[in-house]
Amino acid sequence: MGGEAEKWVLMVTARTPTNIAVIKYWGKRDETLILPINDSISVTLDPSHLCTTTTVSVSPSFDQDRMWLNGKEISLQGGRFQSCLREIRARAQDVEDKKKGIKINKEDWQKLNLHIASYNNFPTAAGLASSAAGLACLVFSLAKLMNLKEDNSQLSAIARQGSGSACRSLYGGFVKWFMGKEENGSDSLAVQLADEKHWDELVIIIAVVSARQKETSSTSGMRDTVETSPLIEHRAKEVVPKRITEMEGAIQNRDFATFARLACTDSNQFHAVCLDTYPPIFYMNDTSHRIISCVEKWNRAEETPQVAYTFDAGPNAVMIARNRKTAALLLQRLLYNFPPQSDTDLDSYIIGDKSILQDAG
Ligand code: ADP
Ligand code: DP6
Ligand code: CO
């Protein structure tokens, strides 16, 4: 370590988009390593709309690891943050900043403390996958700071230990998380199925039905489901494996009818196992259900589906329109039926494309 009077600070900033699963992850076989009970597939969103920005800094003057989320200090004591920090520090390399006269040897990272400041530009813990963007960004920015040599797939296995869905946010485009077979989780990682330019006529519209924090976190919700739902095993073993194969084909062939059918039915089945959990978990509300009816009616009135919908662990609708023209019509219908800030309880709309992972560091 070096630098004038040990007063130096080294910083990296990164920006990571969130991702929305079209074949959902719900249920773990290992709570500590975060190993899922089925494969999942997602679409990464445009970082200019829904993303996390994280700045990580290191300095010999920091006396402990600390983290701020949306301007408020949060504890880093949770096992998940500790797993990510431990895995990254174990892979840290030498870092040199000649301009600042700083040299950090890889062993130094074990003693140096970090300050982490993270912001989500969208509702946190409201079912728009803030844990995905947040933990992926944390891992990505720390990996840059500590000069890790691992590729994005290897980093995804670290992000997975922060939040399962985070492993899919290390790539843009369409991403698959393999559940893996190994007990130590080494093969439970994400790969890119198709990049962001593939099928770029799709447009994503998000209806923020409620930006409030949900009552049941994804972590505790899926734990209760695995413990109490008789349907979850059927879903994980019989239904999802077939859907994964079909969904991969639909993405490769840009087959919107199959894509929409699979995305909608998988979202509906995920919410069905939530209802099958005891006590039941209600992530969607009346407005969510009305949005589903609106899209279903429209799709059935056309020769082929125009819009796919999917809801994560919250009431907010993520809709995928087959092209820009359909997106414009969808927005028109939504604004007519669900005007924002009215008694329909809809907070706002966010519109975006599929996207690229951006490194602002
Ligand atoms: P969501 O549906 O938004 O992903 P979860 O219940 O899965 O909701 O996770 C929410 C939790 O994720 C937050 O309470 C917080 O612990 C963590 N989280 C969210 N954003 C960030 C972030 N930017 N950095 C670190 N952790 C985050
Ligand atoms: C409904 O990844 O948030 O969004 O692994 O416990 O952090 P933890 O849960 P999380 O669960 C996401 C569930 C989901 C579906 C999905 O993203 O695949
Ligand atoms: Co989450």
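Note that the coordinates shown come from a computational prediction; the quantities given were computed from them, not determined experimentally. Whatever order the structure lists ligands and atoms in, that order sets their numbers, starting from 1.
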Got the closest protein heavy atom to [atom], with its distance?
atom: atom 3 (O) of ligand 2; value: S131 OG, 3.0 Å
atom: atom 15 (C) of ligand 2; value: Y25 O, 3.3 Å
atom: atom 2 (O) of ligand 2; value: S165 OG, 2.7 Å
atom: atom 11 (O) of ligand 2; value: M222 CE, 3.3 Å
atom: atom 7 (O) of ligand 2; value: S163 OG, 2.7 Å

Donor-acceptor side-chain pairing of [X] and [Y] below 3.5 angstrom:
X: T52; Y: T54; answer: no
X: S229; Y: R235; answer: no
X: D151; Y: S153; answer: no
X: S218; Y: K214; answer: yes
X: T265; Y: N268; answer: no
X: T44; Y: N19; answer: no
X: N70; Y: K72; answer: no

Classify the contact between [X] and ligand 1 as side chain, backbone, both or neither, using a heavy-atom distance cut-off of under 4.0 Å.
X: L135; result: side chain
X: S118; result: side chain
X: L69; result: side chain
X: A126; result: backbone

Report yes if some N/O of [X] lies less than 3.5 Å from some N/O of ligand 1; otherwise report no.
X: S130; result: yes
X: A132; result: no
X: Y119; result: no
X: T124; result: no
X: A125; result: yes

- Apply the side chain to side chain donor-acceptor pair (under 3.5 Å) test between S163 and each candidate in S130, S169, S131; give the one that qualifies. S131
Is the closest heavy-atom distance from [X] to ligand 1 below 4.0 Å?
X: D312; result: no
X: A129; result: yes
X: Q213; result: no
X: F81; result: yes
X: T52; result: yes

- Query: Relative to each other, are the rings of F62 and H115 parallel, tilted or perpendicular (30° and 60° limits)?
  - Reply: parallel
- Query: Are any of the N/O atoms in K24 less than 3.5 Å from those in ligand 2?
  - Reply: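 No.
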- Test of proximity, F270 against ligand 2: N or O pairs below 3.5 Å: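 Not met; the criterion fails.
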Nearest to [atom] by heavy atom, [options]: which?
atom: atom 16 (C) of ligand 2; options: R168, R80, Q161; result: R168
atom: atom 7 (O) of ligand 1; options: G134, S131, G314; result: S131
atom: atom 20 (N) of ligand 1; options: T16, T18, N120; result: N120

- Region of I34 engaging ligand 2 - heavy atom pairs below 4.0 Å: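 Only the side chain of I34 comes within reach of ligand 2.
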- Message: On the six-membered ring of W298, is R333 placed so that its NZ or CZ lies under 6.0 angstrom from the centre and within 45° of the ring axis?
- Response: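 Yes - R333 lies over the ring of W298, closer than 6.0 Å to its centre and within 45° of its axis.
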- Query: Where is the tightest heavy-atom contact between R160 and I34, given as atom of each residue plus distance?
  - Reply: NE-O, 3.0 Å
- Task: Determine the minimum heavy-atom distance between A21 and T310, stating which atoms define it.
- Result: O-OG1, 3.5 Å
- Can you tell me if S217 has an N, O or S atom under 2.8 Å away from the Co ion (ligand 3)? no
- Query: Hey, is NZ on K106 packed in by over 12 heavy atoms from elsewhere, all under 6.0 Å?
  - Reply: no
